Amino acid sequence: MKNTFLLLILLLTISACNKPQKVDLLVVNAKVYTVNNSQKEATAFAVKDGKFVAVGNSETLPDLFVATKIIDAKGKSIFPGLIDAHCHFLGMGLVARKIRLEGTKSYDEVLEKLVAFQKEKNLSFITGRGWDQNDWVIKEYPTKEKLDLLFPETPVAIRRVDGHALLANQAAINLAGITINTPASGGGILQHNGKLTGVFIDKPMELIMSIIPTPTKTETTKALKTAEKICFSLGLTTVNEAGLEKHEIELIDSLQQAKQLNMKVYAMASANKENLDYYLKKGIMKTDRLNVRSFKYYGDGSLGSRGAAMKQAYADKEHHHGALIYSVNNLKETANRIANSNFQMNTHAIGDSTNYIVLKTYKEALEGKKDRRWKIEHAQIIDPDDFHYFENIIPSVQPTHATSDMYWAEDRVGKYRIKSGYAYKKLLNKYGKIALGTDFPVEKVNPMLTFYAAVARKDLNNFPENGFQTENALTREETLKGMTIWAAYSNFEEKEKGSIEVGKFADFIILDQNIMTIDINKVPNTKVIKTFSNGALVYQR
Ligand SMILES: [Zn+2]
């Protein structure tokens with residue numbers, strides 16, 4: 001009591017002697033979730049030159065500051081700007097040029113959509129993604145005969161929903177120079193009765209992908225701006241882009257420098273030879289909006305396409321284990337090269353075999369090296385014996401994958417292995433932190449769906465009623481941290497973002513309802529009212 005009284009006198013004295021400081025923005029009457037452990041909640045804050053300069057309460061801050069602009073939040077809740085720890089930002093922006101096949105109920109529906117799409121767009125090469133044979137009555141991979149009849153001359157290459165299988169027509173196959181004798185390592189080129197079916201799985205997909213015409217600089221710029229608009233409207237202020245090429249990173253940098261792009265991007269460079277040679281020599285590239293300090297490596301494919309490498313055979317395909325995309329030697333060499341720099345290695349690992357091999361390789365490569373924050377992207381199916389490796393490796397997971405895959409994942413891996421699949425709480429307990437993302441456009445962009453899936457472990461159909469493997473649900477507080485401060489930490493950015501804290505960039509969002517207290521089933525309908533990046537309004541509903 002006495003101390004409180006003294007503090008009050010002190011504060012009054014300070015405010016009485018000092019004349020109010022000029023700031024750019026003062027936000028008052030808010031319910032601020034700071035995500036700062038030493039000051040969890042506040043009702044007001046001040047922003048100057050793009051950074052938080054004070055976080056406190058609505059009674060005292062207005063006396064201490066004169067603001068150019070004042071926002072009365074009228075009791076609404078405010079959170080740090082959200083981070084998507086694993087997404088395909090540019091890819092999402094480019095999808096308008098591509099056909100979307102998500103939700104198609106049959107192969108015939110896919111074909112109908114292709115015909116209608118081409119009638120409208122008249123493209124010289126048709127690409128797109130989203131089909132999923134698991135959603136069809138006949139749950140088998142399609143074959144290209146009908147596609148060849150409909151598109152005898154125009155190449156068509158459409159990827160499965162997870163991007164780990166691709167259907168191509170003969171025109172595309174001819175253009176790529178592929179024959180029945182083309183070798184298929186790191187995946188498969190499917191055949192039936194001595195003929196190609198048109199389905200390519202994992203690495204051999206590159207043969208087709210490499211002949212798809214790349215978008216022009218103008219198209220790429222447009223795509224980035226489209227993606228930015230969508231992300232800001234949903235409360236994202238930083239995106240971890242999982243795999244870019246050098247020219248794409250450079251375009252993002254130049255657009256940011258010219259103030260044409262305000263989204264903050266943690267750009268993982270694809271771990272190919274060209275990028276490794278270039279960025280390891282150049283070193284970390286860091287501006288206020290761009291952070292290039294990591295490589296994205298592909299361990300395996302996906303569970304849906306049975307490309308993910310499993311220690312034991314798939315439960316629904318005899319003798320089939322999936323496969324690593326590259327050799328173990330390639331993985332080790334790459335890991336050792338990256339370990340000798342300050343860069344992080346972020347590896348896509350879905351199957352329990354891949355997770356084990358990658359985690360073990362990480363451990364060896366990082367021997368004696370401190371605080372390197374290497375990540376496993378997805379960490380989907382983990383052998384119970386291997387969780388301990390996550391004591392030093394950051395799990396970067398996508399809660400909506402759990403609620404999308406739950407319908408068929410157990411078919412793939414069986415009753416026992418599914419129990420240590422999508423095990424976010426267990427992963428969090430090992431490392432002490434977990435980074436959350438979506439993998440959009442594989443999943444929807446909306447981070448409120450991530451929040452809902454992580455906490456409720458249900459999808460938008462309210463299924464399953466009591467949640468999927470809820471022993472691995474996260475609390476709301478953990479989820480919020482995974483989308484803010486822990487994601488920032490996973491990027492080595494926790495000193496500049498991820499919480500509403502003095503000295504950090506003023507990235508924050510105002511929501512129309514309080515996701516920390518409302519009925520969890522209402523969270524998916526939450527709307528962003530305003531989004532701020534470096535103190536500037538970048539979205540308003
Ligand atoms: Zn991804």
Side-chain angles (χ1 to χ4, degrees), residues 83-95 98 100 102 127-130 132 159-166 187 201-203 205-206 209 223-224 227 230-231 236 238-245 248-249 252 263 265-272 275 294-305 307-309 322 324-326 344-351 354-355 358 374-381 394-405 409 421-422 424 427 434-447 449-450 453 482-483 487 490-491:
I83 301 173
D84 190 311
H86 180 117
C87 64
H88 303 274
F89 179 68
L90 172 57
M92 192 262 286
L94 285 170
V95 288
K98 297 177 182 180
R100 299 297 302 264
E102 284 85 355
T127 61
R129 101 188 236 176
D132 183 349
R159 283 193 287 165
R160 198 178 175 279
V161 64
D162 58 14
H164 289 277
L166 174 151
I201 294 169
D202 289 323
K203 191 144 183 281
M205 286 171 39
E206 287 172 10
M209 299 299 288
L224 289 166
I230 294 168
C231 289
L236 293 169
T238 297
V239 290
N240 286 11
E241 169 52 94
L244 285 176
E245 298 307 323
E248 295 165 337
I249 292 171
I252 289 171
M263 181 56 67
V265 182
Y266 167 90
M268 309 180 204
S270 297
N272 53 42
N275 286 339
S294 66
F295 292 97
K296 167 74 184 295
Y297 188 87
Y298 273 97
D300 59 359
S302 75
L303 203 61
S305 63
L324 291 183
I325 293 189
Y326 304 100
Q344 293 162 275
M345 184 165 177
N346 305 337
T347 303
H348 167 116
I350 302 274
T354 314
N355 274 285
V358 173
W374 284 20
K375 313 186 204 184
I376 295 276
E377 304 291 331
H378 311 309
Q380 228 161 65
I381 311 288
I394 300 177
S396 171
V397 305
Q398 302 72 37
T400 44
H401 278 348
T403 52
S404 292
D405 298 1
Y422 312 89
Y424 309 145
L427 289 166
I434 193 163
L436 302 179
T438 58
D439 209 4
F440 70 68
V442 176
E443 300 286 350
K444 293 195 179 81
V445 180
N446 190 351
L449 304 184
T450 301
M483 298 166 78
S490 84
N491 298 350

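First listed ligand is number 1; within each ligand, the first listed atom is number 1. Fair warning: this is a prediction, and the values are worked out from it, not measured in the lab.
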Novice: What's the verdict on side-chain hydrogen bond (donor to acceptor under 3.5 Å, both in side chains) for Ser270 and Asn275, showing C-alpha distance, side-chain angles and the deciding distance?
Specialist: CA-CA 7 Å; Ser270 297; Asn275 286 339; 4.6 Å; no

Novice: Partners of Val445 by side-chain contact (heavy atoms from CB on, under 4.5 Å), sequence neighbours excluded?
Specialist: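 Scan of Val445 (side-chain contact (heavy atoms from CB on, under 4.5 Å), adjacent residues dropped) gives Met92, Ile230, Cys231, Leu234, Leu236, Phe440.
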
Novice: Decide yes or no for Asn491 and Lys375: does some side-chain heavy atom of the first lie under 4.5 Å from some side-chain heavy atom of the second?
Specialist: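 Sidechains of Lys375 and Asn491: in contact.
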
Novice: Is the ring pair His164/Tyr298 parallel, tilted or perpendicular, if the boundaries are 30 and 60 degrees?
Specialist: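 Rings of His164 and Tyr298: perpendicular, as their planes differ by over 60°.
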
Novice: Which protein N, O or S atoms sit under 2.8 Å from the Zn ion (ligand 1)?
Specialist: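 Atoms qualifying: His86 NE2, His88 NE2, Asp439 OD1.
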
Novice: Return the CG to CD distance between Asn240 and Glu377, rounded to the nearest 0.5 Å.
Specialist: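 Rounded to the nearest 0.5 Å, the CG-CD separation comes out at 7.5 Å.
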
Novice: Do the non-hydrogen side-chain atoms of Asp405 and Gln380 ever get within less than 4.5 Å of each other?
Specialist: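 Side chain of Asp405 against side chain of Gln380, heavy atoms only: contact under 4.5 Å found.
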
